[in-house]
2 protein chains.
Amino acid sequence: MSFAEQARPIERRTLYDELVERVRGLVVEGALQPGEKIPERELCERFGVSRTPLREALKVLASDGLVQLTPNRGATVARLTVEDLEDVFPVMGALEALAGELACHNITDEQIAEIQDVHRKMVACYEARMLPEYFQLNQRIHELILEAAGNRTLSAQYSSLAQRIRRARFMANASDARWKQAVSEHEEIISALESRNGEALASILKLHLNNKFHSVRKWLISQENGTRKG
Amino acid sequence: MSFAEQARPIERRTLYDELVERVRGLVVEGALQPGEKIPERELCERFGVSRTPLREALKVLASDGLVQLTPNRGATVARLTVEDLEDVFPVMGALEALAGELACHNITDEQIAEIQDVHRKMVACYEARMLPEYFQLNQRIHELILEAAGNRTLSAQYSSLAQRIRRARFMANASDARWKQAVSEHEEIISALESRNGEALASILKLHLNNKFHSVRKWLISQENGTRKG
DNA sequence: TAATCGAATTTTGAATACAAAATACACTTT
DNA sequence: AAAGTGTATTTTGTATTCAAAATTCGATTA
């Protein structure tokens with residue numbers, strides 16, 4: 001281990017930012033369902049902390065759009081409405097298009113190779129109809145493109161939005177036909193990356209996301225009509 | 001007053017979200033300078049609140065990028081580096097381009113008229129070389145375009161970034177030549193809006209922002225070289 | 001039986017308390 | 001005088017406390 005590595009500042013975390021991550025995990029992974037009340041006392045007990053740092057974390061998550069705070073009434077997991085979706089997707093589209101352009105400028109051969117590798121694994125999961133694994137690898141590819149773009153602000157903004165719609169995106173894994181189409185779009189994404197064609201990548205990413213949007217939107221509408229209780 | 005207006009829920013605010021706004025104001029307006037330590041105790045006294053809600057507010061502002069929190073060492077106003085700027089501007093460009101496209105689809109004649117009105121006032125301020133007023137109206141026009149786009153997520157993301165660079169943007173109000181150019185770019189923005197030409201608006205907004213970027217960047221670099229103290 | 005009321009309980013927002021860490025500063029020791 | 005050391009003070013992170021608001025729930029009334 002080099003001096004530089006050994007002598008880097010000791011990472012210290014506060015309870016509060018540990019909790020931001022943990023509670024975000026509960027929300028994003030769906031352990032806490034949309035609309036559900038966030039049980040402050042219970043979480044304090046489970047995490048073994050007092051209310052102060054937990055409440056700080058909830059406020060941050062609320063400003064991120066994952067949690068809804070109502071004065072004197074506590075926190076609930078934010079519900080995703082069709083209107084939310086219609087707002088979020090175009091913004092993600094613009095961000096992903098930008099990511100595509102930047103990535104084509106900055107990406108290294110190694111990074112391309114890594115993405116290709118993940119892509120191959122993802123196709124294998126598709127062929128085996130292993131949806132959760134497919135979904136995971138799919139997300140990973142988009143993360144890697146973002147990373148290759150080399151813009152921290154872009155990554156932060158994108159992933160904040162991505163988290164908000166993550167569960168809906170997963171739940172809405174629609175028809176087999178759509179799944180097949182998604183895989184073929186991914187093929188195009190990879191080849192645009194390989195040829196470092198920024199414009200092409202931007203446009204296929206946008207298209208890909210737009211298709212996803214329609215599928216998620218359809219699912220969400222069916223949900224809203226199905227479960228009338230708010 | 002209609003029933004709908006009269007019967008809307010009574011607005012209740014918590015100290016915490018009042019403080020988010022107030023402290024954000026101090027940071028954005030420059031009452032607290034970049035890099036400066038945020039005096040927790042003093043702010044508590046000035047606002048007449050305890051540390052709990054203030055600290056909650058600081059955490060939200062930190063997640064927004066306006067404040068930097070260092071464990072056991074408290075909060076400072078975030079410094080804007082050239083790297084930050086280089087990350088933030090392209091993202092704002094993408095968002096503003098999207099706003100332009102959406103605005104052209106959705107804007108009403110009344111909204112166009114309002115923007116034209118603000119624009120005329122802005123030009124008057126330019127001619128009178130009233131920089132602060134010009135700056136204010138300039139910002140207002142961009143806000144109105146965002147509003148016309150009718151996408152809350154877009155507005156939120158954009159304004160979060162805009163606030164981060166607001167002061168630098170103001171300070172960097174560069175040469176008279178650039179100022180003149182900026183006004184003429186605004187003329188083009190207005191006419192693209194009038195003709196509801198989304199693509200044209202997107203591209204002129206992007207160009208406008210890019211020019212601004214270079215001028216802010218130049219100023220920021222001169223700052224960094226001038227005041228060596230961190 | 002369904003709606004209404006009201007006290008008991010719980011939850012929430014905010015202030016305060018307290019221990020650990022950081023900082024300031026007087027005092028050595030070269 | 002400069003650098004180091006140890007102690008007092010302040011600041012910070014977190015827990016606890018407290019009052020106000022919301023919720024629960026049994027009793028009461030229509």
Side-chain angles (χ1 to χ4, degrees), chain A residues 7-27 32-64 66-79 229-230, chain B residues 7-27 32-64 66-79 229-230:
Chain A
R8 72 180 180 282
I10 295 167
E11 274 229 23
R12 274 193 299 184
R13 311 200 65 193
T14 57
L15 285 182
Y16 131 80
D17 68 0
E18 183 80 30
L19 285 170
V20 169
E21 267 184 37
R22 303 268 200 120
V23 181
R24 170 178 283 141
L26 294 179
V27 172
L32 294 165
Q33 292 286 318
E36 200 178 316
K37 178 123 206 250
I38 296 177
E40 194 177 290
R41 220 169 46 78
E42 191 190 315
L43 288 185
C44 285
E45 283 166 18
R46 273 176 50 193
F47 290 128
V49 300
S50 75
R51 290 172 63 213
T52 309
L54 178 66
R55 288 170 59 81
E56 290 170 344
L58 289 175
K59 258 131 204 170
V60 169
L61 293 174
S63 90
D64 225 46
L66 287 176
V67 160
Q68 199 189 16
L69 296 176
T70 315
N72 297 316
R73 236 165 265 201
T76 57
V77 177
R79 257 180 217 286
K229 55 167 174 179
Chain B
R8 72 178 179 281
I10 295 168
E11 274 229 22
R12 274 193 300 185
R13 310 199 65 192
T14 57
L15 286 183
Y16 131 80
D17 69 0
E18 184 82 30
L19 285 170
V20 169
E21 267 184 37
R22 302 271 198 117
V23 179
R24 170 178 282 140
L26 294 178
V27 172
L32 294 165
Q33 292 287 317
E36 201 179 315
K37 177 121 206 246
I38 296 177
E40 192 177 291
R41 221 168 47 77
E42 192 190 316
L43 288 185
C44 286
E45 284 166 16
R46 274 176 49 194
F47 290 127
V49 300
S50 75
R51 289 172 62 215
T52 309
L54 178 65
R55 289 171 58 82
E56 290 169 344
L58 289 175
K59 257 129 206 172
V60 170
L61 294 173
S63 89
D64 224 47
L66 288 176
V67 160
Q68 200 190 14
L69 296 177
T70 316
N72 297 316
R73 231 160 270 201
T76 58
V77 178
R79 260 179 213 287
K229 56 170 175 176

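Proteins come first, then strands; the chains are lettered A, B, ... in the order of their sequence lines, and each starts at number 1.
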**OP:** Answer yes or no: side-chain N or O of B:Arg51 and base N or O of D:dG13 forming a donor-acceptor pair under 3.5 Å.
**Re:**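 For B:Arg51, whose side chain was compared with the base of D:dG13, there is a donor-acceptor pair (under 3.5 Å).
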Whole Å only: how far is the [atom1] atom of [X] from the [atom2] atom of [N]?
X       : N      : atom1 : atom2 : value
B:Leu15 : C:dG13 : CG    : P     : 11 Å
A:Ile38 : C:dT11 : CD1   : C1'   : 15 Å
A:Asn72 : D:dC18 : CG    : C1'   : 15 Å
A:Leu54 : D:dG13 : CG    : P     : 17 Å
A:Glu56 : C:dG13 : CD    : C1'   : 13 Å
A:Leu43 : D:dA15 : CG    : P     : 14 Å
B:Tyr16 : C:dA14 : OH    : P     : 11 Å

Does [X] have a side-chain nitrogen or oxygen under 4.0 Å from the phosphate oxygens OP1 or OP2 of [N]?
X       : N      : answer
A:Lys59 : C:dT12 : no
B:Lys37 : D:dT10 : no
B:Thr52 : C:dA14 : no
A:Arg73 : C:dT12 : no

Original post:
Counting side-chain heavy atoms from C-beta on, which of D:dT14, C:dA15, C:dG13 comes nearest to B:Ser50?
Top reply: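 Nearest nucleotide to the side chain: C:dA15.
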Original post:
D:dT12, C:dT12, C:dA14: which one has an atom nearest the side-chain heavy atoms of B:Arg55?
Top reply: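 Shortest atom-to-atom distance from the side chain points to D:dT12.
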**OP:** Assign A:Arg41 to base, sugar-phosphate, or nothing according to its heavy-atom contacts below 4.0 angstrom with the strands shown.
**Re:**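 Sugar-phosphate contact only - A:Arg41 comes under 4.0 Å of backbone atoms but never of a base.
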